[in-house]
Amino acid sequence: MSNAGFTSKIIHSDRRGSIEHGSIHKPVHTAVTYSYDDARDLAAVFQGKAAGYTYGRQVNPTVTALQDKISLMEGGVATAAFATGMAAIGTTLFSLLNAGDHIVSSSYLFGNTNSLFNTFVNHGIDVTFVDATDVAHVEAAVQENTRLVFVETIANPRTQVSDLQNIGDLCEARGLLYLVDNTMTSPYLFQGKSVKASLVINSLTKYIGGHANALGGSVTETGLFDWSKFENLYDNYKKGKPALWGITQIKKKGLRDFGGTLGPEAAHHLSVGSDTLALRMDRICSNAHKLTQYLDQHPKVKQVYYPGLEAHPQHQRAKQLFSQSGGLFSIELVDEIDCFDFLNNLDLVICTSNLGDTRTLAIPVAHSIYYEMGAERRASMGIDDSLVRFSTGIEDSEDLLEDFKRALG
Ligand SMILES: *Cc1c(COP(=O)(O)O)cnc(C)c1O
């Protein structure tokens, strides 16, 4: 199976694990705890000397199957799943950083990640936000106490593409952890491993789950980082292969102690959703491509932001790194059109937050998800008051085009 295509590999992964009654899905295991006939076996599992399940906050067979599936998608060596994408990000940083450490982060960030990093500042972790579309800005911000660099692949909502390859080279040269949030591209369009990421974050809620019916998040260890050089590891977790020391600490200090655990029912929904990731992504990207081509020519549209457009500042980079340009784009309308009126005129497109659904979604970002951060920070992220963000779904493209035509007409 190792040479099989993306989807063939993913959809057969459940039944290639232990076969439970021949079930082709991993069953939903709801038990919180696991019993052992021999107390010595229980002790061995707790001590990490034998494989097995202990307590549902730390491990669950349904969740383990999903973790393995994500590792397969990302080409990673191990994955930890969490209740949400934010739990994955927060827990990972919490378990790897200490007071006095410094992070360099892209300033083009998912809003709640931005908010979280500002909270870390109050806990003694210093953060420098930089324009990560150019490695020079990242390099200039690196200090003696810098532990990690955090970037997203394609930023939301303005679709800036980070200088992923060069930042990977910089992190390798300087021995820095490199965290890439791959939510916007998903492992079908891009693997963080290809640019030397140490850890890859995914909000499973978005493209991987894909149906807006379950929350989840993950962090995948790519196996590329030399954890023996990382100062913040506890001696307890420096056992076995060094490539797994980091994810072990994330699972123990983060998942176990913080408890942002993914539930087995959600894991099942996300796993079933992930089976069709490639099929949905092909259609989603094609729809985004067709809509942005159309809107880019429209007299009532002032600006379209989409990496698939030739005029996009990082178009060449996106083409080189990603197999397709993704399903997220934003537009600014001409001044005469009120963005609320335009949104109300759309029929097929749903006015809501979230992205990566099978349905096309739209949101006026400055007035909703980026409202709390204030006008100044919005301006620094290039978010205009009239900016509307779209996440394309899998509708028939003619119907979507017709909806936009009518709403702008
Ligand atoms: C949505 C999102 C998150 C957070 O994921 P949740 O599952 O909603 O907690 C993190 N990063 C990016 C880029 C996102 O789009």
Side-chain angles (χ1 to χ4, degrees), residues 63 66-67 70 74 79-94 103 105-120 129 132 150-162 164 179-190 192 197 199-220 254-255 258-263 265-267 269-271 273-274 277 281 284 288 305 307 322 326-330 352-357 361-363 365 368-370 372-373 381 383 389-393:
V63 175
L66 176 66
Q67 290 175 161
I70 296 162
E74 287 288 358
T79 294
F82 297 86
T84 64
M86 286 317 301
I89 297 172
T91 304
T92 298
L93 296 195
F94 170 81
I103 310 175
S105 168
S106 168
S107 56
Y108 308 124
L109 274 188
F110 179 63
N112 300 154
T113 307
N114 177 68
S115 169
L116 173 72
F117 286 2
N118 285 311
T119 308
F120 274 128
F129 292 103
F150 188 99
V151 300
E152 295 177 5
T153 52
I154 302 177
N156 160 17
R158 275 280 309 272
T159 72
Q160 296 95 336
V161 179
S162 298
L164 292 160
L179 265 71
V180 175
D181 183 335
N182 196 23
T183 300
M184 213 54 71
T185 22
S186 91
Y188 179 57
L189 302 187
F190 175 72
L199 298 168
V200 180
I201 303 275
N202 279 288
S203 166
L204 308 175
T205 316
K206 312 292 172 53
Y207 292 106
I208 291 181
H211 296 75
N213 61 353
L215 292 156
S218 66
V219 55
T220 299
L255 186 61
F258 235 41
T261 309
L262 179 67
E265 292 89 354
H269 282 303
L270 296 166
S271 178
S274 76
L277 175 63
M281 270 323 233
I284 281 169
Y305 300 102
F322 314 139
L328 188 114
F329 69 88
S330 293
T352 183
S353 64
N354 196 28
L355 56 93
D357 196 356
L361 315 176
I363 193 159
V365 290
S368 56
I369 47 176
Y370 286 86
E372 184 187 299
M373 66 172 56
M381 295 173 87
I383 299 170
R389 184 193 80 193
F390 294 91
S391 165
T392 51

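Atoms within each ligand, like the ligands themselves, are counted from 1 in listed order. Along the sequence shown, residues carry numbers from 1.
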Under 6.0 Å between the ring centres of Tyr188 and Tyr207? no

What protein heavy atom sits nearest [atom], and how far off is it?
{"atom": "atom 5 (O) of ligand 1", "value": "Ser203 OG, 3.0 Å"}
{"atom": "atom 6 (P) of ligand 1", "value": "Gly85 N, 3.3 Å"}
{"atom": "atom 1 (C) of ligand 1", "value": "Lys206 NZ, 1.4 Å"}
{"atom": "atom 4 (C) of ligand 1", "value": "Phe110 CE2, 3.5 Å"}

Using a 3.5 Å distance criterion without hydrogens, assess whether the side chain of Ser271 forms a donor-acceptor pair with backbone atoms of Leu66. no

Measuring from Glu152:CD to Phe110:CZ, what's the distance to the nearest 0.5 Å? 8.0 Å

For the atom pair OG1 (Thr79) and CG (Leu199), what is the distance rounded to the nearest 0.5 Å? 10.0 Å

Contact with ligand 1 for Gly216, non-hydrogen, under 4.0 angstrom: yes

Hey, can you tell me if Phe190 and Phe322 have their rings parallel, tilted or perpendicular (30° and 60° cut-offs)? perpendicular

Taking the side chain as every heavy atom from C-beta outward, state whether Ile208 and Pro187 have any atom pair closer than 4.5 Å. yes

Contact check: [X] vs ligand 1, nitrogen or oxygen atoms, below 3.5 angstrom:
{"X": "Asp181", "value": "yes"}
{"X": "Met86", "value": "yes"}
{"X": "Glu152", "value": "no"}
{"X": "Met184", "value": "no"}

Which of the ligand 1 atoms, numbered from 1, are nearer than 4.0 Å to a heavy atom of Thr205: 6 (P), 7 (O)

Examine the side chains of Asn118 and Ser115 and answer whether a donor and an acceptor come within less than 3.5 Å of each other. no

